[in-house]
Amino acid sequence: MAFFPENFGSVASGLPKHRLDFLHRHECQVCPLYKQVGLQHPQMPASGAERPLVYILAEAPGAEEDKEGVQLVGKAGQVLRFRIPGRWLSKIRWNNVIRSRPPGNREPTEEEIEACRPSVQRDIETSKPKAIFGFGNVPLHWAIGKNGITNWCGRRIPIRVGEHVCWFFPIIHPSYISRMRRFQPSHIDAYGCDEEVAFAHDLRRAFESINNLPEPVVHTEDMAREGIEIITGRNRGDLARVLDFLHFAIDKKLVGFDYETNAIRPYGENAKILTVALSHRESTLAFALHHREAGWSASDKAALGTAIHQFLMEHRGRKVVHQLPFELEWSAQCFGQEVVRAGRWGCSLSQAYILDERPNTNSLDFLCLQYFGINLKALSQVNVKNLDADNLEEVMGYNGLDAKYHRLLYIEQSLRIKDEGRQKVYQHQLRRIPTMVLTQIKGVPVDIPTVDYFYRKYTKLLAKVEGKIKQNKAAERFRKLKKYDFRPSSLHDVSFALYKMLKIYGSGTNEAALSHIKHPLAKLVLRWRKINKQLSTYIKPLLPEAGNVYNGVVHPTYGVTHTRSWRTSSSDPNIQNQPKHGDSKEVRRQIRPGGDLRIVACDYSGIQARNVAMESRDPRLVKAFWDGYDIHGDWAHRIARHAPQWLKGGTLKDKDTFKIYRQKAKNGMVFASFFGAGAATVGRHLSIPEEIARDLIEEFWDSFPKIKNWHLTLKENYHSTGYVEALSGFRRHAPVSYNEMINTPIQSDEAIIICDAMARLSEKDDPRLQPNIEVHDDLTFILPKHEVDKCVEIIVKEMLTISFPWINVPLGVEVSVGKDWYDMEKLGEFTSDKLGLGPVRP
DNA sequence: TGCTCACGCGCG
DNA sequence: AAAGCGCGCGTGAGCA
């Protein structure tokens, strides 16, 4: 008897095969726990229903369980049993991955788990449950060979346990919930900690799904490899075969598609697509393109290029890939930008992200294990980092498997998206991909001489500060004590020097902490950090040797499947965090298109506050945006009334003072309250006593009752559904903290507004209207000087067009223009209501 | 040497 | 019962 299927070979990680066989053969006789004394119920048998629907599998018996001889009757068991509906109790069977209590409740070892596996497996084979609910990491690893319960919980995975195939539901271990709880919930709708919401919801969904579970299918290696054909280009007829297949696929509704390349980005001189794979139903074809071992002649390659281009332009179905931005960017660079919007595409990664936004859960490997119970990665031995050096057949095998599973995964997830009513959100997600890719390709112009100038300037500045640090008395003392130079970059060194050696009163090493310290060393450390940040984060990545700038253009990547809030992110290098304030801002001079070109930045003004109005529909806040009521100024006055000491002797009658305190009221009080801050935080922000802050907040909620209401409704909905949903339709799943719960809709509404406007501009197919940069509330363009006015008119109109029914306040856009990204001057400010674009005033 | 982690800090 | 959140990247530290 095979104790576990081959495709879960990783279950055995750590133990050599002979040792596993030994443990499986002799079971309890060789179990390290066998000889343990003092156990009241060693080798505890499974209990409960003989033919259960649900098999509850926990880690190991605890003290209470050992005493009673029944699984999950201790504290953790109570947490779990509290949430199991009574009608289910007769349909459940209980067991643990190991059946004897380990000393001191320590985690069971792999040896113990494997010694116990045959008996647990036999019990499952005999009792034939429809589903196994596995609690915590130990059963998860037992079932699929993976750790990471917080990533896996709430899913269902088809698994094979010996002769029995069933569904596995990973759920957080109740003992973790019990430990995290801050109070004991008195009824089923109360939750003692954020994680308990996830726990309860996962459990409820698992029970609810039992009666309409599909047949579980666990893919084997043979199933995975079936129907994959590879073409090297070395044989007669190879070219015809590829052309044939492309012709065959051209009218197929759903084609899995995948490239293997020798680089992540397609911009470098040597960037090449090595192999290509297409998959349709039972036939998958992977063929060589520019791989080192490909057998094509130059004319073959030209013919292939033409054929692929034609396929991309004329394919009438949908090409489905995993991580569409990648395939689109390469397609555009290698076959022409016109292919980006020529055909229809699908993205299984985007589907996964829309269904569940948790990070690190959206790789093809993860999802294939989730949906098909197969460990795809284990089937290939390719070196992903250097595919061109790898064996061609191996690379194509890998490529073919990927394309095949893109398609299969897409089909599975399409059903799930439909079931959960997520089509509309997925469509929005899909729409922003070509939009973002075209912005990536357009890139951002870098002025090389300026980069060079800043590099020299900041290198010198850094050397100067380092010289001063060397001469510093305290740093000298540090050197004598520690026998090495004081490093401003080391938090250890900084902390030791200031708090241990110099015995300065305080703690912490961040700017807030160090800025209060008078000692020159603290000042020097801060100065060093500032300069080093400029140099290493904003200047060095633009130097030629960093390899980010191609022909004077940098192409930051936009992530559209990474964030917990549906915002985009930017990387390699990050273009969304370039300094904008104070002295640091000057590095923006590096972004300069030159000639007659101008940088034009269009910012949505106060978009997040407007999102709060949209979400809450609070009458006073909504009115503020229609009538121009100055909330922040009003609250500056109110704070001053409650806490006159706040003004430190100044008066709000003075214009400059008012401006400063209006800003403080905005950030410290108004926005903080919108986002769920409490009295302690507001008091700290405003430097006023917590009790006064509490009174202010009370008054604030009296003024904006529906905002508070909205917070509470969000919480209620979150508790009943297990996720937070925004007006945008984006969902964030448990566990979500109270403040995250408030923030998520705001950020995701903001994201859909800007991405929608960006997509509309991009779809006009006018290269001038394709933004070069997107920064959450800002679209930045590069335009010829004489076309700025004309283009801004179109851009502003598109950005201010109201395209969602839930927008209940006017939108505003502020435009500024400059020769580089530093010297930007305001061009104008526009609002949707004044342009007659709506929305309708409520 | 390569990996993960915490921290600090830039933006929204 | 109380509660600012969302990113990416450079750095050192600790571990294998």
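All heavy atoms count here, side chains included; hydrogens, waters and symmetry mates do not. By convention in this document, chain letters (A, B, ...) are assigned in the order of the sequence lines, proteins followed by strands, and residues within each chain are numbered from 1.
As judged by a 4.0 angstrom heavy-atom cut-off over every strand, D572(A) is placed among residues touching the sugar-phosphate backbone only. Nucleic acid contact for T509(A): sugar-phosphate only, since backbone atoms but no base atoms lie under 4.0 Å from a heavy atom of the residue. Residue K585(A) is classed as having no contact, given no heavy-atom separation below 4.0 Å to the nucleic acid. Counting any heavy atom pair closer than 4.0 Å across all strands shown, A672(A) reaches no nucleic acid atom.
A donor atom on one side chain and an acceptor atom on the other are found under 3.5 Å apart for W566(A) and Q429(A).
Ring centroid separation for the pair F478(A) and Y484(A) comes in under the 6.0 Å cut-off. In summary, the aromatic rings of H711(A) and W701(A) are positioned with their centroids under 6.0 Å apart.
Atom CG in L491(A) sits about 16 Å away from atom P in dG10(C), given to the nearest Å. Put simply, CH2 on W528(A) is 13 Å from P on dG10(C), counting in whole angstrom units.
For S569(A), a side-chain nitrogen or oxygen approaches OP1 or OP2 of dG8(C) to under 4.0 Å. OP1 and OP2 of dC5(C) both lie 4.0 Å or more from every side-chain N or O belonging to S565(A). Put simply, R529(A) has a side-chain N or O that comes within less than 4.0 Å of OP1 or OP2 on dC9(B).
Remark: DNA chain C takes part in the stems B:1-12 with C:5-16, each of 3 or more antiparallel Watson-Crick or G-U pairs, criterion distances under 3.5 Å.
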For side chain to side chain contact (heavy atoms under 4.5 Å, CB included), just list the numbers for R181(A) and V79(A), CA-CA rounded to whole Å, side-chain angles, deciding distance to a tenth of an Å, and then say yes or no.
CA-CA 10 Å; R181(A) 271 185 179 170; V79(A) 172; 3.8 Å; yes
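For residues 676-689 of chain A, no pair satisfies side chain to side chain donor-acceptor pair (under 3.5 Å), with sequence neighbours left out.
DNA chain C is contacted by R182(A), F183(A), Y191(A) of residues 182-201 of chain A, taking any non-hydrogen atom closer than 4.0 Å.
Projected onto DNA chain C by closest heavy-atom contact, R487(A) and R684(A) fall at different nucleotides, the more 5' of which corresponds to R684(A). Along DNA chain C, the nucleotide nearest R694(A) and the nucleotide nearest S489(A) are compared for position; the residue whose nucleotide lies closer to the 5' end is R694(A).
At least one donor-acceptor pair closer than 3.5 Å links the side chain of T439(A) to the backbone N or O of P771(A).
Taking the salt bridge (Lys or Arg N to Asp or Glu O under 4.0 Å) definition, one finds that E466(A) meets it with nothing, sequence neighbours left out. Among residues two or more places apart in sequence or in another chain, the ring-ring contact (aromatic ring centres under 6.0 Å, His included) test is passed with H632(A) by F671(A).
Checked against R567(A) for a side-chain contact (heavy atoms from CB on, under 4.5 Å), the options Q747(A), Q576(A), H562(A) give a single hit: Q747(A).
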Tabulated below should be each protein N or O lying under 3.5 Å from an N or O of nucleotides 10-12 of chain B; please produce it.
from: dG10(B); atom 1: OP1; to: K530(A); atom 2: NZ; distance (Å): 3.4
from: dG10(B); atom 1: O4'; to: Y538(A); atom 2: OH; distance (Å): 3.2
from: dG10(B); atom 1: N2; to: N577(A); atom 2: ND2; distance (Å): 3.4
from: dG10(B); atom 1: N3; to: N577(A); atom 2: ND2; distance (Å): 3.2
from: dC11(B); atom 1: OP1; to: K580(A); atom 2: N; distance (Å): 2.8
from: dC11(B); atom 1: OP1; to: H581(A); atom 2: N; distance (Å): 3.2
from: dG12(B); atom 1: OP1; to: K580(A); atom 2: NZ; distance (Å): 3.4
from: dG12(B); atom 1: OP2; to: H581(A); atom 2: NE2; distance (Å): 3.4
from: dG12(B); atom 1: O3'; to: D777(A); atom 2: OD1; distance (Å): 2.8
from: dG12(B); atom 1: O3'; to: D777(A); atom 2: OD2; distance (Å): 2.8
from: dG12(B); atom 1: N2; to: R567(A); atom 2: NH1; distance (Å): 3.3
from: dG12(B); atom 1: N2; to: Q747(A); atom 2: NE2; distance (Å): 2.9
from: dG12(B); atom 1: N3; to: R567(A); atom 2: NH1; distance (Å): 3.1
from: dG12(B); atom 1: N3; to: R567(A); atom 2: NH2; distance (Å): 3.4

